Q: 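If you scroll down you'll find the structure; I have some questions about it.
None of the values given here were measured: they were computed from a predicted structure. No hydrogens, no waters, no symmetry mates; every other heavy atom, side chains included, goes into these values. Letters A, B, ... mirror the listed sequences (proteins, then strands); counts begin at 1.
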Amino acid sequence: MSTKVAPLSGFPEFLPADRIAEQHVLDIIRRTFELHGFASIETRAVEPVERLLGKGGDADKEIYAVTRLAADRSEASSGQDGTHELGLHFDLTVPFARYVVENAGRLQLPFRRYQIQKVWRGERPQEGRYREFTQADIDVIDAGTLAPHYEAEVPLVVAEIFRQLPLPGFRIQVNNRKIPEGFYRGIGLADVAGTLRIVDKLDKIGPDRVRSALVEAGASAEQAARCLALAEIRSEDLSFVDRVRALGVSHPTLTEGLQALSAVMRVGLDLAPGALVADLRVARGLDYYTGTVYETQIVGHEGYGSVCSGGRYDALASDGRTTYPGVGISIGVSRLLGLLVPRLGLTGSRSTPTCVLVALPAEADRAAAMRTATTLRARGIPTEVAPSADKFGKQIRYADRRGIPYVWFATAEGDQVKDIRSGEQTGADVASWLPPQEDLHPGIRLRPR
RNA sequence: GUGGGUGUAGCUCAGCUGGUAGAGCAUCUGGUUGUGGUCCAGAGGGUCGAGGGUUCAAGUCCCUUCACUCACCCCA
């Protein structure tokens with residue numbers, strides 16, 4: 001057995017400073033979710049495979065199965081005798097829908113929840129695509145019917161979060177699947193899903209290749225042209241409605257979709273102007289979305305992929321008698337960090353939460369140093385004692401390497417604290433000294449590039 | 001799952017038509033005998049991804065395999 005260690009592709013791990021940046025982002029997300037009144041839940045990592053299957057398109061190929069190493073065949077089989085094949089969840093929406101059905105009698109509906117957890121997909125990893133990654137979800141689920149105003153609310157929460165991050169800009173693109181669906185039916189194209197999939201590649205392969213792909217898939221030249229005309233519509237205001245109408249297609253589903261998207265955009269224009277873009281080419285997301293869909297690009301990194309997406313699902317959760325429609329949006333925290341850290345140089349302001357290192361003149365002084373540390377900690381100042389009574393130069397270097405801003409010295413003239421960035425060392429009282437607020441806890445910074 | 005690329009020190013990489021393994025950065029020590037960062041000197045660190053083959057001789061050529069990586073598919 002080899003002792004050689006190597007990274008596992010698609011299972012990213014951060015060094016401490018970058019992890020601090022990730023935690024900072026997670027803190028912003030959590031604080032903002034709670035500010036909007038979403039309650040936290042955590043669901044188990046596994047679901048019966050049969051529950052996962054068929055909920056996410058090709059997801060079945062991506063599901064990681066979980067079995068005991070020592071399990072025999074009968075134990076791993078699914079079904080009858082109370083045993084089930086288990087799989088790791090590939091998103092947080094499917095488990096949440098299960099959770100709502102399971103606890104419907106104990107939940108107050110409509111239920112607003114957030115959930116920040118790892119998910120797993122057995123894909124080929126590459127930049128921004130992982131096999132294990134963190135998602136931060138909010139969803140609202142109700143019984144029977146779900147008020148449409150929630151479709152406008154969830155992306156605005158995300159916009160509020162993204163505004164707090166050091167991003168060059170972002171666009172939450174919104175569409176309603178009923179628009180292309182009604183439009184395609186209105187011009188006589190029956191294969192809605194297939195057409196969507198081709199049109200969705202517009203950014204990547206350009207209009208000419210989309211046109212030929214559509215024709216190859218059975219559309220006439222004229223139908224292909226009209227699909228492209230629809231897909232090219234994009235607006236930050238409500239003008240997309242007139243532009244769709246100008247294409248002269250009418251279908252009741254199309255009308256429904258236009259009304260729904262208008263309602264979302266109207267709220268966005270009022271409360272977060274510029275954050276939402278109606279973009280009629282957006283189709284992506286898992287199969288279970290039935291109306292509004294969201295996808296988010298970072299300005300200048302459009303090819304990187306969506307860092308946040310979601311939508312409305314009307315039929316995902318059902319116990320057979322009651323259906324629980326919902327709408328939700330999911331921030332791809334790992335993907336977002338995969339952009340922020342390597343591409344934009346985001347990292348932690350230090351590699352440890354420690355604010356003060358208490359220097360140790362001699363090992364015999366450890367007890368006194370620990371008392372000093374205890375006093376500082378009691379006032380909320382993250383503190384550690386030097387690992388050994390090395391020369392002070394080494395102890396200072398210990399702090400410097402980790403980005404710890406202050407070193408505390410007990411001297412014959414009384415306690416002194418040194419700001420190792422400026423080199424300034426001054427007398428300090430362990431019972432009252434406080435660092436500036438911005439030094440108390442690590443924050444984020446951009447690496448000089 | 002399909003197709004391409006790359007595997008040499010902790011990291012980034014050099015290593016010619018085969019001839020005894022190298023640099024920079026990082027780490028540690030000393031210069032600096034209890035106040036870091038700069039500078040100078042030195043040291044440690046490698047089954048050259050793994051296995052097989054060709055050869056007097058393989059990091060270098062051939063085969064197999066694994067890993068990583070990029071694109072496709074799909075997606076956060």
Side-chain angles (χ1 to χ4, degrees), chain A residues 1-12 15 29 56-63 89-93 115-137 158 172 193 196-198 200-201 204-205 209 282-289 293-298 303-311 328-340 357 359-363 365 386 388-412 416-425:
Chain A
M1 179 166 165
S2 172
T3 55
K4 181 133 181 156
V5 296
L8 251 185
S9 169
F11 292 84
L15 290 171
I29 291 171
D58 292 331
D60 51 328
K61 290 187 294 192
E62 304 178 350
I63 294 170
H89 56 221
F90 57 82
D91 75 357
L92 299 177
T93 309
Q115 200 169 340
I116 302 173
Q117 283 180 241
K118 287 276 166 64
V119 305
W120 295 267
R121 293 183 194 174
E123 299 187 82
R124 274 279 206 280
Q126 44 190 274
E127 185 186 27
R129 308 185 49 183
Y130 311 105
R131 297 194 286 187
E132 175 181 76
F133 57 99
T134 301
Q135 288 195 326
D137 263 51
V158 169
I172 301 177
L196 271 176
R197 199 169 310 124
I198 295 168
D200 185 60
K201 294 198 203 338
K204 204 165 255 179
I205 66 176
R209 290 178 57 193
V282 170
R284 295 222 203 143
L286 274 356
D287 272 1
Y288 48 68
Y289 297 126
V293 288
Y294 319 99
E295 185 166 307
T296 308
Q297 289 182 339
I298 302 303
Y304 182 73
S306 174
V307 293
C308 175
S309 47
I329 194 162
S330 177
I331 300 173
V333 178
S334 302
R335 177 173 283 184
L336 190 58
L337 269 292
L339 176 86
L340 284 167
L357 177 76
L360 202 58
E363 195 52 40
D365 299 311
S388 61
D390 279 321
K391 290 192 285 190
F392 284 150
K394 283 188 123 187
Q395 299 191 41
I396 291 170
R397 192 166 61 176
Y398 176 96
D400 187 40
R401 292 282 162 84
R402 292 161 177 76
I404 299 170
Y406 298 97
V407 178
W408 192 279
F409 292 97
T411 75
Q416 297 188 343
V417 67
K418 179 190 186 80
D419 180 335
I420 67 173
R421 294 158 300 187
S422 63
E424 193 185 351
Q425 186 166 331

Q: At 4.0 Å (heavy atoms only), tell me whether A:Tyr398 reaches a base, stays on the sugar-phosphate, or touches nothing.
A: nothing
Q: For A:Thr134, is there any backbone N or O sitting under 3.5 Å from a side-chain donor or acceptor partner on A:Ser334?
A: yes
Q: Could you state the atom-to-atom distance from CG of A:Asp200 to P of B:A76 in whole Å?
A: 11 Å
Q: If we take the P atom in both B:G5 and B:A58, what is their distance in whole Å?
A: 27 Å
Q: Expressed as a whole number of Å, how far does the P atom of B:C28 sit from that of B:C66?
A: 39 Å
Q: OP1 or OP2 of B:A71 less than 4.0 angstrom from a side-chain nitrogen or oxygen of A:Gln126, does that happen here?
A: yes
Q: Write down the distance between CD (A:Glu127) and P (B:A76), rounded to a whole number of angstrom.
A: 17 Å
Q: So if I take every side-chain heavy atom of A:Phe133 and compare against B:C70, B:A76, B:G36, which nucleotide ends up nearest?
A: B:A76
Q: Provide, to the nearest angstrom, the distance between the CZ atom belonging to A:Arg197 and the C1' atom belonging to B:C74.
A: 9 Å
Q: Taking atom types as they are modelled, would you say the side chain of A:Glu295 forms a donor-acceptor pair with the base of B:A76 within the 3.5 Å cutoff?
A: no
Q: Given atom CG of A:Asp400 and atom C1' of B:U38, what is their separation to the nearest angstrom?
A: 13 Å
Q: For atom C1', what is the distance between B:U8 and B:U47, given to the nearest Å?
A: 13 Å
Q: What's the separation between atom CD1 in A:Ile298 and atom CG in A:Leu340, rounded to the nearest 0.5 Å?
A: 7.0 Å
Q: Using a heavy-atom cut-off of 4.0 Å across all strands, would you classify A:Arg124 as base, sugar-phosphate, or nothing?
A: base
Q: Expressed as a whole number of Å, how far does the C1' atom of B:G15 sit from that of B:G24?
A: 15 Å
Q: Under the ring pair (Phe, Tyr, Trp, His ring centres under 6.0 Å) test, which residues partner A:Tyr406, sequence neighbours left out?
A: A:Trp433
Q: Which residue lies toward the 5' end of RNA chain B, A:Arg335 or A:Gly10, if each is placed at its nearest nucleotide?
A: A:Gly10
Q: What nitrogen or oxygen pairs link the protein and nucleotides 28-32 of chain B at under 3.5 Å?
A:
{"unit_1": "B:C28", "atom_1": "OP2", "unit_2": "A:Arg401", "atom_2": "NH1", "d": "3.4"}
{"unit_1": "B:U29", "atom_1": "OP1", "unit_2": "A:Lys394", "atom_2": "NZ", "d": "2.6"}

Q: Taking atom CZ of A:Arg131 and atom CD of A:Glu62, what is their separation to the nearest 0.5 Å?
A: 12.0 Å
Q: Rounded to whole angstrom, note down the P distance from B:G31 over to B:C70.
A: 47 Å
Q: What interatomic distance, in whole Å, is found between P of B:U60 and the corresponding atom of B:G19?
A: 10 Å
Q: Could I get the full list of side-chain hydrogen bond (donor to acceptor under 3.5 Å, both in side chains) partners for A:Arg197, not counting sequence neighbours?
A: none
Q: Can you identify which nucleotide, out of B:U69, B:U2, B:A76, has its nearest atom closest to the A:Arg121 side chain?
A: B:A76
Q: OP1 or OP2 of B:A67 less than 4.0 angstrom from a side-chain nitrogen or oxygen of A:Ser9, does that happen here?
A: no
Q: Remember a base hit wins even if backbone is also touched, and classify A:Gln425 as base, sugar-phosphate or nothing at under 4.0 Å, heavy atoms.
A: base
Q: What's A:Lys201 touching, base or sugar-phosphate or nothing? Going by heavy atoms closer than 4.0 Å.
A: sugar-phosphate
Q: Count the heavy atoms belonging to other residues, nucleotides or ligands that lie under 6.0 Å from CZ of A:Arg209, then report whether that count exceeds 12.
A: no
Q: For A:Thr134 and A:Ala362, find the nucleotide of RNA chain B closest to each by heavy atoms; which residue's nucleotide sits nearer the 5' end?
A: A:Ala362
Q: Report the secondary structure of RNA chain B in dot-bracket form, marking unpaired bases with a dot and bases paired to a different strand with |, and treating Watson-Crick or G-U pairs with both distances under 3.5 Å as paired.
A: (((((((..((((.....[..)))).(((((.......))))).....(((((..]....))))))))))))....
Q: Do you know which two heavy atoms are closest between A:Tyr304 and A:Leu339, and how far apart they sit?
A: OH-N, 3.2 Å
Q: Taking atom CD1 of A:Ile29 and atom CD of A:Gln135, what is their separation to the nearest 0.5 Å?
A: 11.0 Å
Q: Return no unless some side-chain N or O of A:Lys418 is found under 4.0 Å from OP1 or OP2 of B:G36.
A: no
Q: For A:Asp400, enumerate each residue passing the side-chain hydrogen bond (donor to acceptor under 3.5 Å, both in side chains) test, keeping only those at least two apart in sequence or located in another chain.
A: none
Q: In terms of side-chain heavy atoms of A:Leu8, which of B:C68, B:C74, B:C72 is nearest?
A: B:C68
Q: The side chain of A:Glu62 is closest to which nucleotide in this list: B:C68, B:C74, B:U35?
A: B:C74
Q: Tell me, please, which residues at least two apart from A:Tyr130 pass side-chain hydrogen bond (donor to acceptor under 3.5 Å, both in side chains).
A: none
Q: Starting at OG1 of A:Thr93, measure out to OH of A:Tyr288 and round the result to the nearest 0.5 Å.
A: 3.5 Å
Q: If you look at every strand shown and take non-hydrogen atoms under 4.0 Å, does A:Ile404 touch a base, only sugar-phosphate, or nothing?
A: nothing
Q: Expressed as a whole number of Å, how far does the P atom of B:A21 sit from that of B:C16?
A: 13 Å
Q: Let me confirm one number: the NZ-CZ distance from A:Lys118 to A:Phe133, rounded to the nearest 0.5 Å.
A: 11.0 Å
Q: At under 4.0 Å, does any side-chain N or O of A:Ser309 touch on OP1 or OP2 of B:A76?
A: yes
Q: How far, in whole Å, is B:U17 from B:A76 if one measures between their P atoms?
A: 49 Å
